[in-house]
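Working notes for the structure below.
Atoms within a ligand are numbered from 1 in the order they appear, just like the ligands themselves. This structure is a prediction, so every number in the text was calculated from the model and none was measured.
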Amino acid sequence: MCAVVGVYNVKNASKVAYYALFAMQHRGQEATGISSSDGENIFTKKRRGLVTDVYSDEDTFENLKGSMAVGHNRYSTAGSSSILDAQPIVAKYKLGEIAVVHNGNLINRDEVRQKLIDEGAIFQSYMDTENIIHLIARSQKDSLQDRIVEAIDQVKGAYCFLIQSRKKMFAIRDRYGIRPFALGKFKNGGYIVASETCAFDLVGAEFVRDIRPGEMVIFEKGEEPESIQLYEPSPRPCAFEYIYFARPDSVIEGKNVYEKRAEMGRRLAIESPVEADIILPVPDSGIAAALGYSEQSGIRFENAIVRNHYVGRTFIEPIQEMRDLKVKLKLSPIKKIIEGKRVVIIDDSLVRGTTSRQIVKMLKEAGASEVHFRLASPPIKHPCCYGIDTPSYGELISANMSEEEIREQIGADSLSFLSLDGLVESLGRETKYSLVSFDGNYFIR
Ligand code: AMP
């Protein structure tokens with residue numbers, strides 16, 4: 001998973017891109033980068049780390065000049081976490097210079113990469129995104145636009161690309177529209193394209209519409225953006241964006257993420273009711289679903305697990321004897337509320353089952369008389385290869401154990417998942433979703 005942003009025809013574009021990346025930090029915390037253009041040159045800054053750290057030098061935005069910028073937050077789904085795998089990727093080729101950012105995952109990357117290597121290409125990184133640069137550079141077409149079209153035609157998978165030359169910006173989305181990608185506008189006429197609409201709210205842009213599946217939008221000379229439909233749209237937005245990944249204040253394909261999560265919680269309460277005294281969310285991922293469950297069941301919602309927001313991914317792994325420390329650093333129960341209660345604990349999803357086991361233990365130690373685990377999504381039985389970082393089959397608990405075995409493993413008194421039908425009903429049946437993690441239907445051939 002990653003976040004991308006493109007800003008066009010806006011004063012201090014790099015600063016706007018920075019705020020947008022800050023709003024989308026949840027989509028990737030490994031590395032971040034911005035390339036700006038002043039029409040003559042492309043300037044780039046990228047580094048491992050969080051948005052607030054990477055751009056903290058005083059002269060950062062003075063150096064990232066111009067009224068256009070593309071930016072990226074990285075969460076590795078393909079490639080390694082080395083700095084070479086940070087984006088934007090910037091390259092000089094026959095017609096000039098380009099900066100490319102990508103959110104998604106190209107499923108034919110190995111074939112394309114091998115073909116390019118056989119033809120003599122030299123790769124700088126392990127990222128699938130680099131394929132696009134090579135394909136553009138090697139194309140014999142006369143314009144960058146035609147080269148991009150030819151390059152895109154050779155890749156398959158989930159992609160939202162932003163490609164910036166010195167003067168133009170291109171936004172391209174795959175025909176299934178798997179990852180979110182939205183267009184916003186500033187009052188003074190400038191544009192912004194971002195993975196999530198929460199970025200628009202922070203920078204004061206107005207949502208215009210989603211970039212259509214299969215569409216290429218071209219930003220040029222401060223004119224109205226031009227739209228070219230490259231492929232017949234066949235929409236399959238990713239259900240996991242609604243379940244876990246996107247921020248609750250974002251709107252994807254006209255649907256607010258928070259409302260969808262609450263609806264999943266309500267359905268879960270209908271499908272899997274339980275006699276209990278209080279509902280607790282796993283913060284923050286389970287909050288909206290827990291509120292929905294509480295509303296539907298009439299059982300009181302208590303925010304009785306406190307989350308420490310300062311635990312980063314880089315925190316040193318605790319030694320074996322202090323295994324519980326990892327979850328305790330992040331989550332702490334309010335004993336007074338939990339003691340002697342029958343508790344329903346709600347999370348958005350179960351992946352490896354490691355956090356959930358520790359949460360159940362923590363609640364029992366805090367004095368809960370019963371712990372009922374409820375998951376606001378179906379069992380994750382298959383890895384996603386369309387841009388979400390799910391582990392392989394061996395690590396996915398639901399791919400290897402029955403529900404009863406999982407219940408026993410995590411130590412809960414009962415365990416239930418939202419059904420696949422309940423998920424689709426919550427999201428709205430009018431749309432076909434990408435549900436690969438749940439049904440294993442890898443629909444891109
Ligand atoms: P576990 O208890 O180990 O199965 O982990 C489940 C937790 O991981 C839930 O709280 C989810 O919100 C969270 N989660 C789900 N998918 C992902 C993902 N792709 N990357 C990081 N965390 C995730």
Using a strict 4.0 Å threshold on nitrogen-to-oxygen distance, state whether [X] and [Y] make a salt bridge.
| X | Y | value |
| --- | --- | --- |
| Arg266 | Glu295 | yes |
| Arg407 | Glu403 | no |
| Arg267 | Asp421 | no |

List every atom of ligand 1 that sits less than 4.0 Å from any heavy atom of [X], numbering the atoms from 1 in the order shown and giving each element.
| X | answer |
| --- | --- |
| Thr355 | 1 (P), 2 (O), 3 (O), 5 (O) |
| Asp347 | 9 (C), 10 (O) |
| Ser285 | 10 (O), 12 (O) |
| Ile388 | 19 (N) |
| Phe240 | 16 (N) |
| Tyr75 | 18 (C), 19 (N), 20 (N), 21 (C) |
| Leu350 | 4 (O) |

Looking only at distances, please establish whether an N/O atom of ligand 1 is found under 3.5 Å from an N/O atom of Val351.
yes

Which residue pairs pass the salt bridge (Lys or Arg N to Asp or Glu O under 4.0 Å) test with at least one member in residues 436-445, sequence neighbours excluded?
none

Tell me, please: is Thr390 in heavy-atom contact with ligand 1, that is, under 4.0 Å?
no

Report yes if some heavy atom in the side chain of Tyr244 is under 4.5 Å from a heavy atom in the side chain of Asp347; otherwise report no.
no

Using the ring pair (Phe, Tyr, Trp, His ring centres under 6.0 Å) criterion, which residues pair with Phe417? Sequence neighbours excluded.
none

Please work out whether any backbone atom (N, CA, C, O) or any side-chain heavy atom from C-beta onward of Asp348 is under 4.0 Å from ligand 1, and answer side chain, backbone, both or neither.
side chain

So among Tyr176, Phe443, Phe245, which one has a ring-ring contact (aromatic ring centres under 6.0 Å, His included) with Tyr386?
Phe443

